[in-house]
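Encoded as structure tokens, the structure appears first; notes follow it.
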Amino acid sequence: MKKNLNQNLINLIEYYNLINANFLLSNNPIKRTIENTTVAFAGNKSEKLDKLKRKIQSIKNCDLKKNATNLVFGDGNINSKIMLIGEGPGANEDKEGKPFVGRAGKLLDKMLEAIKLDRTKVYISNVVNYRPPSNRKPSDEEIERYLPHLKDHIQIINPKILVLLGSTALNALIGNEVVISKARGKWIQKEIGDTKLWIIASFHPAFLMRQPEQKKLAWLDLKMIREKSKILKI
Ligand code: URA
């Protein structure tokens, strides 16, 4: 009887080894929460990005997607070490399927040019990938829904510097307790999955169009990005 029991145990262990399971005799606590999404996409960077794009395209029952014309995924250099995150596509972006191509995008281009950057040197995406109707802010549920994809997106691009443009990007990635007027212009070090980031928030270009007197603060943030790029040898 005892011998049978031992043999059964040995068989069971062999079976678990065979299926490559290491949890049977592990003392490690079971992790019930997953803080960051896993980038379970195989292949090189563009293949991973294609897979992520298809995953977002397959989202079901989403009002943003239902009302939008195009998916707005990303633009720029996928190998850049500087990634910028906006809020969500507007009408022009929805039409063209590219982020920041409207008036706010033109201002963003000028801001980047001031620190000798352009879209061949940075990568740009948004918190949500479909246009919120009437350019409203994405709801908390919508942000929650797109956040795992944004985190995957960041991990695939693997930037060193992440620039959060406006409160939606700031709150989505740093938390709801921070406000853009206080959090802007300060470096935060954070890991998203395996990606170690220097994160800085600044004002959204659409906000700067409404409040041009805040551009001087945005300029300070841009200079900080320029300095950090030099230090990190980007
Ligand atoms: N505003 C954003 O936040 N993103 C865009 O792509 C365009 C305008």
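Numbering of ligands and ligand atoms starts at 1, following listing order. Hydrogens, waters and symmetry mates play no part in the numbers below; they use all other heavy atoms, side chains included. These numbers come from a predicted model, not from an experiment.
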(request) Please write down residue, atom name and distance for the protein heavy atom closest to atom 4 (N) of ligand 1. (result) N126 OD1, 2.8 Å
(request) Kindly state each residue pair satisfying side-chain hydrogen bond (donor to acceptor under 3.5 Å, both in side chains) with at least one member in residues 162-182, sequence neighbours excluded. (result) E87-T168, K137-S167, K137-T168
(message) Could you report the tightest heavy-atom contact between Y146 and I56, atom names first, then the distance?
(response) CE2-CG2, 4.1 Å
(request) Determine whether the side chain, the backbone, both or neither of E87 has a heavy atom under 4.0 Å from any heavy atom of ligand 1. (result) both
(request) Take D109 and K106 through the salt bridge (Lys or Arg N to Asp or Glu O under 4.0 Å) test and state the conclusion after the steps. (result) CA-CA 5 Å; D109 287 343; K106 301 277 174 291; 5.6 Å; no
(message) So if I count the atoms of ligand 1 from 1 in the order they appear, which ones are less than 4.0 Å from some heavy atom of H204?
(response) 1 (N), 2 (C), 3 (O)
(request) Under 4.0 Å from a heavy atom of G86: give me the atoms of ligand 1 that qualify, with their elements. (result) 3 (O)
(message) According to ring-ring contact (aromatic ring centres under 6.0 Å, His included), does anything in residues 205-232 pair up with another residue at least two apart or in another chain? List the pairs.
(response) F203-F207
(message) I'd like to know if K98 contacts ligand 1, where contact means a heavy-atom distance under 4.0 Å to any ligand atom.
(response) no
(request) Please identify which atoms of ligand 1 are closer than 4.0 Å to at least one heavy atom of P99. (result) 6 (O)
(request) Could you tell me whether ligand 1 has any atom less than 4.0 Å away from a heavy atom of G88? (result) yes
(request) Please determine which of I85, L164, L165 meets the side-chain contact (heavy atoms from CB on, under 4.5 Å) test together with V127. (result) I85
(request) Before accepting this row, confirm whether a basic side-chain N of the pair E142/R145 lies closer than 4.0 Å to the acidic partner's carboxylate O. (result) no
